[in-house]
Amino acid sequence: MQKNSVECLEIIDINNFQADLIGWFTNEKRDLPWRKERDPYRIWVSEIMLQQTRVDTVIPYYNNFMEQFPTLDDFATADEEKILKAWEGLGYYSRVRNLQSACKEVQEKYEGVVPNTPKEISSLKGIGPYTAGAVLSIAYGVPEPAVDGNVMRVLSRILSIWEDIAKPSTRKIFEEAVRKLISHENPSYFNQALMELGALICTPTSPSCLLCPVREHCNAFETGTQKELPVKTKKTKVKDVHLTAGILTDVKGRILIRKRPESGLLANLWEFPNFEYVTDLKNGQGDFLNQLMNEYEVEAIVNESLGSIEHVFSHLKWYIQIYSGKILSEVKETPRLKLVSLDEMESYAFPVSHQKMLQQFLEFKKDGLTL
DNA sequence: AAGCCGTGGTA
DNA sequence: TTACCAAGGCT
C-alpha cells in the first residue's frame, strides 16, 4: 500500500494543520480536573492514572487523590498502605508504587522540583517515553512528542502510516513525525489536541470524519481508508488459572487475610487465602485445607463451596472456587498475615476479584446459611 | 521482542 | 459471549 515516514509529511501543510488542530482543541476540549492545573506533580499524577485507563474512570480517583495528597511532599511521605488504598480498583498497581518511588527521588535529587529535561524525567521510575513527553509538554511547554495509542491512530490515518502499531519499534516512527509536526508555540495544546481528537472524533471503529477539524489534511479521509487504519495485530488469548479461596473466621468473628508478594501480580495488595490447584475440582475443599495447613499452619473446616467467581486480567483469567469456614487452631499473625474485623478491612487495599468474593460471602451469610 | 501487569466499558 | 479497547511501562 502506502509508504510511511517522512515523505508523508509533505502531503499536509504543517502550519495550517497546527492552526486547525489547536483551534479546535481550544474551543472543544473537555473540562477535566487536571486541565485546571499547572503543578507538574499534578499533571504527572494524572498521566500515570490515565495510562491504559479511561478518563471517566480516572476522574473520581484523581479528585480523591488530590484531596489526600495535595502536594508531591504529601504523597512522597505517605504510607504505602495509604497509597495502595487510594489506587484500589484502578489496576496496574505498580504504577502507584513506582510513582511514590519517583517522587521520593525528586525530593532527594531535585529538591522537590519535577525535572524538566527529557533525560532527567525519563530516568524516573514509571516514566516512559509517552509520560515524559506528556509532562514536559503540558507542565513545562517543552516541545517533546507524547505518543500514545490515540496519537498513533490519528497520525496513522492523517499521514497514511501502515506500520503495525502493536510492534514496540513502531512508536519511533510516530515520534519522528510529531517532532516535525509539533507546534513550538504551544506544544502542550498540540499534544493534548492529538489525543483529544483521538478520543472524541478519530475513534477506533467509526471515526466522525465529517466533524473532524483536520479532515482536509487527512490522507485516510481522502482515500477512504480510515476504517483500515491503524494496522494492529491482535494479541493471543489469556491463560486460565484455577484457584480455591477461603473466607475464614475465628472465634471472635475476625477474618483471615494475607498480603500478596512484593512483586508480580497485584503486588502488596491484601487478599483472602487462596491456592492454585491442578487436579479436577472434585476435592477442592481438601485441596484448600491441605495447602492452608502447609503454608500457614492454620487448621480450619470449610463448607461445601458457596459459589465461584471468574475474573479476567490482561494476560490471564482466574476461576475462583469460594469456601467459607471456621479457624480451629491458633493463628500466628505476622506483618503479612492478619485477622481483621469487617470494619478494619476497610483500610486495606484488595483486588476487585477479592472484593467480589467478599460480596458473595456477605450475601451468603445474609441468607442465613451457616459457616 | 514479547510477556507481564488490572479494570470496566462496549459492539 | 467474546473480543477489543483506554492518555503505557518494565523486564
Side-chain angles (χ1 to χ4, degrees), chain A residues 25 29-30 32-35 43-62 84 87-99 101-102 121-139 145-154 164-172 174-175 178 188 190-200 202-206 230 232-239 241 260-269 271 309-318 349-356:
Chain A
F25 180 74
K29 65 182 189 296
R30 289 169 291 179
L32 303 174
W34 45 91
R35 288 191 174 153
I43 302 297
W44 181 7
V45 171
S46 76
E47 291 301 337
I48 300 297
M49 283 189 173
L50 285 162
Q51 290 172 3
Q52 300 290 285
T53 311
R54 286 184 154 73
V55 165
D56 289 343
T57 302
V58 166
I59 290 173
Y61 281 92
Y62 179 83
L84 282 173
W87 211 265
E88 184 183 48
L90 255 188
Y92 290 133
Y93 298 93
S94 66
R95 288 185 293 174
V96 72
R97 300 196 304 138
N98 287 339
L99 180 60
S101 168
I121 201 168
S122 297
S123 74
L124 296 170
K125 203 170 293 183
I127 298 193
Y130 163 74
T131 306
V135 175
L136 288 173
S137 62
I138 297 171
V147 174
D148 71 337
N150 283 312
V151 172
M152 288 198 282
R153 181 174 60 257
V154 169
D164 180 5
I165 67 167
K167 291 170 59 178
S169 57
T170 301
R171 198 197 65 251
K172 295 190 182 72
F174 290 91
E175 285 176 347
V178 172
S188 167
F190 182 88
N191 279 340
Q192 290 187 73
L194 277 182
M195 294 187 278
E196 193 81 341
L197 191 66
L200 300 182
C202 195
T203 53
T205 52
S206 54
K232 187 179 185 181
T233 56
K234 49 184 178 292
K235 60 181 182 200
T236 57
K237 253 193 68 176
V238 302
K239 196 179 79 176
V241 175
R260 292 179 58 84
E262 291 183 20
S263 63
L265 183 65
L266 303 166
N268 278 357
L269 269 66
E271 65 179 5
I309 63 164
E310 299 176 0
H311 192 79
V312 181
F313 297 89
S314 30
H315 61 297
L316 53 84
K317 180 173 180 177
W318 275 356
F350 283 80
V352 167
S353 52
H354 285 251
Q355 296 175 36
K356 286 196 254 178

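We name chains A, B, ... by the order of the sequence lines, and we start the count at 1 in each one.
Look at CD on Glu196(A): it is 10 Å from P on dA7(C), rounded to the nearest Å. Between the CD1 atom of Ile48(A) and the P atom of dG9(C) there is a distance of 7 Å, rounded to whole Å. To the nearest angstrom, P of dG6(B) lies 11 Å from CG of Leu84(A). To the nearest angstrom, C1' of dG8(B) lies 12 Å from OH of Tyr92(A). One can place CG of Asn98(A) at 14 Å from C1' of dC4(B), the figure rounded to the nearest angstrom. Going from atom CG of Leu136(A) over to atom C1' of dA7(C) covers 15 Å, rounded to whole Å. The distance between atom NE2 of His315(A) and atom C1' of dC5(B), rounded to the nearest whole Å, is 6 Å. Atom CD of Gln192(A) and atom P of dA7(C) are 14 Å apart (whole Å).
Comparing dG6(B), dA3(C), dA7(C) against the side chain of Thr53(A) picks out dG6(B) as the nearest. In the set dA7(C), dG8(C), dG6(B), the nucleotide with an atom closest to the side chain of Ser314(A) is dG6(B).
Between dA11(B) and dA7(C), the distance separating the two P atoms is 15 Å to the nearest Å. Rounded to a whole angstrom, the distance from the P atom of dT1(C) to that of dG6(B) is 24 Å. Spacing of P atoms, dA6(C) relative to dA1(B), comes out at 23 Å, to the nearest Å. On the C1' atoms, dG9(C) is 23 Å away from dG9(B), given to the nearest whole Å.
Counting any heavy atom pair closer than 4.0 Å across all strands shown, Gly198(A) reaches no nucleic acid atom. Residue-level contact check: Arg35(A) touches the bases, meaning some heavy atom is under 4.0 Å from a base atom. When heavy atoms are screened at a 4.0 angstrom cut-off, Lys317(A) is found touching no nucleic acid atom at all. Residue contacts for Trp34(A): at a heavy-atom cut-off of 4.0 Å it reaches a base atom on one of the strands shown. At the heavy-atom level, Leu32(A) lies under 4.0 Å from base atoms of the strands shown. At a threshold of 4.0 angstrom between heavy atoms, the contacts of Val312(A) include nucleobase atoms, whether or not backbone atoms are also involved.
Not counting sequence neighbours, the partners of Lys317(A) by the side chain to side chain contact (heavy atoms under 4.5 Å, CB included) test are Val238(A), Asp240(A), Glu310(A), Val312(A), Tyr319(A).
Contact of the His354(A) side chain with the Leu269(A) side chain is not registered, since no non-hydrogen atoms from C-beta on lie closer than 4.5 Å.
The environment of NZ in Lys167(A) is sparse: at most 12 heavy-atom neighbours from other residues, nucleotides or ligands sit within 6.0 Å. The neighbour count for Lys356(A) NZ, taken as heavy atoms of other residues, nucleotides or ligands under 6.0 Å away, is above 12.
To the nearest 0.5 angstrom, Ile43(A) atom CD1 is 10.0 Å from Arg35(A) atom CZ. Distance check, rounded to the nearest 0.5 Å: OG1 of Thr131(A) to CZ of Arg95(A) gives 10.0 Å. Rounding to the nearest 0.5 Å places CZ of Phe174(A) at 11.0 Å from CG of Leu194(A).
A heavy-atom distance below 4.0 Å to DNA chain B is reached by these residues of residues 165-172 of chain A, ordered by number: Pro168(A), Ser169(A).
Looking at every heavy atom in both residues, Tyr62(A) comes nearest to Ser46(A) through CE1-CB, 3.8 Å. Considering all non-hydrogen atoms of both residues, Ile165(A) and Thr170(A) come closest at CA-CG2, 4.1 Å.
Distance alone, capped at 3.5 Å, is enough to place a donor-acceptor pair between the Arg260(A) side chain and the Leu265(A) backbone.
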Dump the pairs, protein N or O against N or O of nucleotides 9-11 of chain B, anything under 3.5 Å, distances to one decimal.
none

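At a cut-off of 3.5 Å, with distance as the only test, a side-chain donor of Tyr130(A) or Glu47(A) sits close to an acceptor on the other residue.
Positionally, the nearest nucleotide of DNA chain C for Lys237(A) lies more toward the 5' end than for the other of Lys237(A) and Ala199(A).
Of the side-chain N and O atoms in Gln52(A), none sit less than 4.0 angstrom from OP1 or OP2 of dA6(C). Look at Lys232(A) and you'll find a side-chain N or O under 4.0 angstrom from OP1 or OP2 of dC5(C). Put simply, His311(A) has a side-chain N or O that comes within less than 4.0 Å of OP1 or OP2 on dT7(B).
On a pure distance criterion of 3.5 Å, no polar donor-acceptor pair joins the side chain of Thr131(A) and the base of dG9(C).
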